[in-house]
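Data first, discussion second: the structure below is written as structure tokens.
Residue numbering restarts at 1 for every chain, and letters A, B, ... go by the order of the sequence lines.
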Protein chains: 2
Amino acid sequence: MQVFWARGYDSASTRDLLEAMQLSRSSLYQAFGSKEQLFLEALRRYRENLIGRLHRQLEASPSALTFVEGLFRDTAQDAGSERAAIGCLIFNSASELGQRGDLPSREAGESVRAITELFRQAVVRAQSEGDIDPHRDARSLATYLTVGMAGLRTLLKSGADADEATHVVELILDTLR
Amino acid sequence: MQVFWARGYDSASTRDLLEAMQLSRSSLYQAFGSKEQLFLEALRRYRENLIGRLHRQLEASPSALTFVEGLFRDTAQDAGSERAAIGCLIFNSASELGQRGDLPSREAGESVRAITELFRQAVVRAQSEGDIDPHRDARSLATYLTVGMAGLRTLLKSGADADEATHVVELILDTLR
DNA sequence: CCATATATGGACTATTCGTTCCATATATGA
DNA sequence: TCATATATGGAACGAATAGTCCATATATGG
């Protein structure tokens with residue numbers, strides 16, 4: 001998974017994948033059938049891990065707003081790190097695969113939508129907690145947060161420092177209030 | 001250039017490039033020396049075209065704010081088109097090449113910064129025109145717009161429709177006012 | 001018109017790509 | 001212990017990869 005994560009779908013070679021998985025060639029094709037299938041499994045697993053973890057964090061948070069704030073601030077603070085340079089597999093894949101119509105492309109789109117859905121739940125809860133105006137459209141605000149996170153990740157990849165990223169994050173979060 | 005644009009740096013094969021440029025193998029290597037050099041030239045040319053065009057649009061605009069608004073709204077309205085699926089070479093490259101340290105990667109980062117600089121000029125002018133509070137930090141607002149555009153492009157690649165994108169764009173633009 | 005310089009077509013490297021195949025090793029169940 | 005199923009290592013596949021080379025075409029300048 002880390003191989004697809006760091007190098008992207010097309011550029012990840014089967015040799016890299018075999019080495020990372022400590023697996024023989026035939027074992028991989030016996031277990032997954034193709035590079036495409038392996039990618040689909042890796043992406044789904046990444047998504048379920050991510051969404052699951054974020055969901056638990058959201059539930060454990062004193063308020064949905066502080067969860068969103070913490071998520072964005074932590075991401076910004078990560079500027080310059082190895083993690084920030086690699087980014088997020090979901091946004092990486094969406095950017096690389098675009099709308100090319102095959103299964104990996106559609107799966108990437110689905111994963112972006114799953115992130116938006118997570119954000120939507122957070123927004124709805126923040127509305128019920130009085131932190132966001134309940135009359136505002138939760139779905140649009142959620143998509144806005146997805147756009148903010150996707151853009152932030154691209155900014156970090158372009159080499160922005162933590163200061164710059166943090167200022168931007170505060171501007172993004174201002175919209176919620 | 002369209003080849004790098006549509007397929008990315010790594011995945012663009014020399015054969016595709018030759019065909020698109022109507023050029024023979026030896027001619028390409030005589031003229032550019034390597035695929036990397038060719039990419040650098042293509043990216044610089046794309047950037048100068050883009051920045052130049054946006055600069056002219058900005059100058060021709062009745063106000064800097066309407067220029068920014070028009071740019072974002074037009075991009076959102078493009079949802080579902082071929083153009084939107086391909087995205088922007090600069091953000092595509094920044095996302096693909098990340099911080100991997102080589103020349104193409106650094107050039108992609110520079111190009112993102114060039115976009116931010118264009119936005120900064122627009123913000124400064126909008127401040128002088130009374131559309132944006134002059135006390136706000138123009139540089140942060142400019143980076144915010146870069147993040148908004150990068151995120152918007154990722155959203156469009158993930159298959160969002162024009163309605164969704166337009167709502168998000170209005171939220172992005174609200175921050176300026 | 002001829003000599004020289006540059007541009008080009010296309011065959012040719014060596015390597016890597018994703019995938020298949022088969023012979024052998026290991027595990028499982030009777 | 002033996003038969004059978006599954007997992008694995010490694011060789012091999014044809015196609016595609018970036019890049020090189022040379023012989024020929026084309027253009028240029030005297």
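Phe32(B) and Leu40(B) are assigned to two separate hydrophobic clusters, defined by single-linkage of ILVMFWY side chains at heavy-atom distances under 4.5 Å.
Within a 6.0 Å radius of CZ in Arg136(B), more than 12 heavy atoms belonging to other residues, nucleotides or ligands are found.
Pairing for dA18(D) is with dT13(C), a Watson-Crick or G-U wobble pair whose two hydrogen-bonding atom distances lie under 3.5 Å. Under the Watson-Crick or G-U wobble criterion, with both distances below 3.5 Å, dC21(C) is paired with dG10(D).
Rounded to whole Å, the distance from CD on Gln22(A) to P on dT8(D) is 12 Å. In this structure, the CG atom of Leu17(A) is 11 Å from the P atom of dT19(C), given to the nearest Å. Look at CD on Glu19(A): it is 14 Å from P on dG18(C), rounded to the nearest Å. To the nearest angstrom, C1' of dT8(D) lies 15 Å from CZ of Phe32(A). Look at CG on Asp16(A): it is 18 Å from P on dT15(C), rounded to the nearest Å. Atom CG of Leu18(B) is separated from atom P of dT17(D) by 10 Å (rounded to the nearest Å). Here the C1' atom of nucleotide dA7(C) and the CG atom of Leu23(B) are 10 Å apart, to the nearest Å. The CD-C1' distance, from Gln30(A) to dT19(C), rounds to 14 Å in whole Å.
Applying the 4.0 Å criterion to OP1 and OP2 of dA18(D), one finds that Thr14(B) has a side-chain N or O inside that range. Between Ser13(A) and dC17(C) there is a side-chain polar atom (N or O) within less than 4.0 angstrom of OP1 or OP2. At dG9(C), one or more side-chain N or O atoms of Ser24(B) fall inside 4.0 Å of OP1 or OP2 (strictly under the cut-off).
With a 6.0 Å cutoff to the six-membered ring centre and a 45° limit on the axis angle, Lys157(B) does not count as a cation-pi contact of Phe91(B).
Nearer to the 5' terminus of DNA chain C, by closest-nucleotide assignment, is the contact made by Arg15(A) (compared with the other of Gly33(A) and Arg15(A)). Of the two residues near DNA chain C, Arg25(B) and Tyr9(A), the one whose nearest nucleotide lies more 5' is Arg25(B).
Considering only side-chain atoms of Ser26(B), the nucleotide from dT19(C), dG19(D), dC21(D) that sits closest is dC21(D).
Using a cutoff of 4.0 Å between basic side-chain nitrogens and carboxylate oxygens, Glu19(B) and Arg15(B) are not scored as salt-bridged. Under a 4.0 Å N-O distance rule, the pair Asp163(B)/Arg139(A) does not qualify as a salt bridge.
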